[in-house]
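Note that ligands are numbered from 1 as they come in the structure, with each ligand's atoms numbered from 1 the same way.
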Amino acid sequence: MQILNYINGALQAPLNNNWLDNPEPATGKVYSQIPDSDSDDVQMAVTAAKEAFPAWAALSRAERSDLLRKLSDLILKNLDTLAAAESRDNGKPLWLAKRVDIPRAAENFRFFSNAVLQWHDEAHHMDGHFINYTTHQPIGVVTCISPWNLPLYLFSWKVAPALAAGCCVVAKPSEVTPMSAFLLSQLCIEAGFPPGVFNIVHGTGPKAGDAMINHRDIKAISFTGGTKTGAYIASKAAPLFKKLSLELGGKNANIIFADCDWDKMMKTTLRSSFENQGQICLCGSRILVHRSVYEKFKTEFAEKVKALKVGDPHDDTVRMGAIVSKQHFEKILSCIELAKQEGGTVLTGGNAIKLEGRCEEGWFIAPTVIEGLDQNCRTNQEEIFGPVVTIQPFDTEEEAINYANATEYGLAGSLWTQDISRAHRVANKVESGILWVNCWLIRDLRTPFGGMKQSGVGREGGMHALEFFTEAKNVCVSL
Ligand code: NAD
């Protein structure tokens, strides 16, 4: 089966007719091919987007909103097909794709179809002599580039506000998980998007992605992915004065105080460590536990982690599916080796898992818990982005905060305590764009989302995203 580009309203093969293999992580077998697009395909998409822009920007917000809502409805109507595609492409459990990824992608389009209707302009009186008003004008053709871990969820999180704001989009999903974006392009045709408004060019970062970020007619780049890639994109975008939003890597701390609601903490910490095989940028990968309950935590957590079922993503009873690619699978195993060399003790996991039958060649890793490492070692500094967590005791609140802040990242964190003052105090001192107290992964889409330090630049979500895809224009009138 061949995945096709979506350019100027039509599905088409890459102009160079070059293709990349797309394997299924659970079986290790190639099951489809994706376009290995290059700058010619990107140029075709940008030309189409430029031509479509004036009419798209001139539509009323209500008309754009209607189309986004229609797309959202179509995603829900095709939930089973999209979830199966997402699970097959990514290796995640099918139940997770059905329950989280695809409903959330539909919600992203629905949310921005509503948000754009609520978005208002501002006016400022200057003592009755002058009036200033500010309008927001869509910036033009923009690019949205997304990673493989939550494929349609993160892709739609960028594309939806861009389209709602009146921009035309040239987008690229990760070449590792292209299938759900391909299915989305079919739904866009069904929804009746005007040709050129939304284009999807498949291919690698260094080829198709690079052509997008360097294209002079692309006015803004919304990127989610690794910090290294983000730094590279920033270096290319800055001299061309493109607007830039970067959502990057993380090394999130999960701080557990002795007075927490133990059962709730334990249940959530299992999820926040290993959901989606630990491949969520918001997963907690460094668990910090107050010394008075460290031994109790260590024993109970290791036991529960060991019992997590890893297996065929089709099986509704598995908690963890396959790692997304062979390359990433090997990287995670090498990180575990490094942790051992650094003096870490593997409490559970630490190994690849060989399944039988359909998944015997798949890429599976046992959920892994490591102790005995200080916060300065590479294992605690570098993003692993897999089912591997470290645990470490702390003695004081200050020490916990220092450990939490000891990396260059600052994406997210979580905190467990029943002491309300401590909760607020610590939450405000942890350097992260989002901090969950006694919960995890709850998102109000109206809030600004993004990371501090090397976890990103800019904020997505709500009106922040609509603003990002527009230019503010001030008019000052003498009264
Ligand atoms: P990646 O940086 O390798 O790739 C991300 C996307 O960028 C892909 O579509 C890729 O093709 C493209 N790309 C790569 N090189 C490019 C280039 N030179 N020019 C243009 N595009 C290029 O990241 P990944 O491995 O796909 O994703 C994992 C990373 O994403 C992790 O670091 C994770 O923390 C991060 N992430 C962050 C968030 C967040 O919200 N902050 C969310 C999810 C994932």
Item to complete: Considering the heavy atoms of Gly226, write down every atom of ligand 1 situated less than 4.0 Å from one of them.
Response: 1 (P), 2 (O), 23 (O), 29 (C), 30 (O), 32 (O)
Worksheet item: Where do Pro103 and Val100 come nearest, in terms of heavy atoms and distance?
Response: CD-O, 3.5 Å
Worksheet item: Which part of Leu154 is near ligand 1, with near meaning a heavy atom under 4.0 Å away: side chain, backbone, both or neither?
Response: side chain
Worksheet item: Does the pair Lys251/Glu383 count as a salt bridge with the N-to-O cut at 4.0 Å?
Response: no
Worksheet item: For atom 34 (O) of ligand 1, what is the nearest protein heavy atom, given as residue, atom name and distance?
Response: Glu383 OE2, 2.5 Å
Discussion item. Can you give me the closest heavy-atom contact between Gly349 and Ala366, atom names plus distance?
Written reply: CA-CB, 3.8 Å
Item to complete: Go through ligand 1 atom by atom and flag the ones less than 4.0 Å from a non-hydrogen atom of Asn149.
Response: 43 (C), 44 (C)
Discussion item. Nearest non-hydrogen contact with atom 8 (C) of ligand 1 belongs to which option: Ser146, Gly209, Cys144, Ala412?
Written reply: Ser146
Discussion item. Within the structure provided, determine whether Asp21 and Gln33 are in side-chain contact (heavy-atom separation under 4.5 Å).
Written reply: yes
Response to the item:
Counting heavy atoms under 4.0 Å, the part of Thr229 that contacts ligand 1 is side chain
Worksheet entry | From the candidates Leu248, Thr204, Ile145, the one that places a heavy atom nearest atom 12 (C) of ligand 1 | Ile145
Response to the item:
For Leu411, the atoms of ligand 1 under 4.0 Å from one of its heavy atoms are 41 (N)
Item to complete: Compare Tyr232, Tyr153, Phe223, Phe449 and give the one whose heavy atom is closest to atom 18 (N) of ligand 1.
Response: Tyr232
Response to the item:
Minimal heavy-atom distance between Lys453 and Glu408, with the atoms involved, is CB-O, 3.1 Å
Practice prompt. Would you check whether Glu175 has a nitrogen or oxygen atom less than 3.5 angstrom from a nitrogen or oxygen atom of ligand 1?
Written response: yes
Worksheet entry | Protein contact of atom 24 (P) of ligand 1 - nearest heavy atom, named by residue and atom, plus distance | Trp148 NE1, 3.3 Å
Fill in: Closest protein heavy atom to atom 28 (C) of ligand 1, given as residue, atom name and distance to 0.1 Å
Phe385 CE2, 3.7 Å
Worksheet item: To which protein heavy atom is atom 13 (N) of ligand 1 closest, and what is the distance rounded to 0.1 Å?
Response: Gly205 CA, 3.4 Å
Worksheet item: Which of the numbered atoms in ligand 1 are below 4.0 angstrom from a heavy atom of Asp210?
Response: 18 (N), 19 (N), 20 (C)
Discussion item. Can you confirm whether more than 12 heavy atoms, excluding those of Lys331, are under 6.0 Å from its NZ atom?
Written reply: yes
Worksheet, complete the sentence: heavy-atom search around atom 35 (C) of ligand 1 in the protein gives Gly225 O, 3.2 Å
Item to complete: Determine whether the side chain, the backbone, both or neither of Ile280 has a heavy atom under 4.0 Å from any heavy atom of ligand 1.
Response: neither
Worksheet item: Just heavy atoms, cut-off under 4.0 Å: does Met212 contact ligand 1 by side chain, backbone, both, or neither?
Response: neither
Practice prompt. Return the minimal non-hydrogen interatomic distance between Phe193 and Trp56, and the atom names on each side.
Written response: CE2-CH2, 4.0 Å
Worksheet item: If you measure from each non-hydrogen atom of His328 to ligand 1, which part falls under 4.0 Å: side chain, backbone, both or neither?
Response: neither
Worksheet, complete the sentence: Looking only at heavy atoms, the pair that brings Trp148 and Thr177 closest together is CA-OG1, 3.2 Å
Worksheet item: With a 4.0 Å cut-off, strictly under, does atom 4 (O) of ligand 1 pick up any protein heavy atom?
Response: no
Worksheet item: Looking at Asp38 and Lys207, does any basic side-chain N land under 4.0 Å from a carboxylate oxygen?
Response: no
Worksheet entry | Side-chain touch Phe274/Gln279, heavy atoms, less than 4.5 angstrom | no
Item to complete: May I ask you to say whether Arg378 pairs ionically with Glu342, meaning some side-chain N is under 4.0 Å from a carboxylate O?
Response: no
Practice prompt. For atom 36 (N) of ligand 1, find the nearest protein heavy atom and state the residue, atom name and distance (0.1 Å precision).
Written response: Cys281 CB, 3.7 Å
Fill in: For Ile336, the option from Thr379, Ile384, Val388 that meets side-chain contact (heavy atoms from CB on, under 4.5 Å)
Val388
Worksheet item: Which heavy atom of the protein is the closest neighbour of atom 27 (O) of ligand 1, given with residue, atom name and distance?
Response: Pro147 CB, 3.3 Å
Discussion item. Looking at Glu107 and Arg104, is there a salt bridge between them, counting it only when a charged N and a carboxylate O are closer than 4.0 Å?
Written reply: no
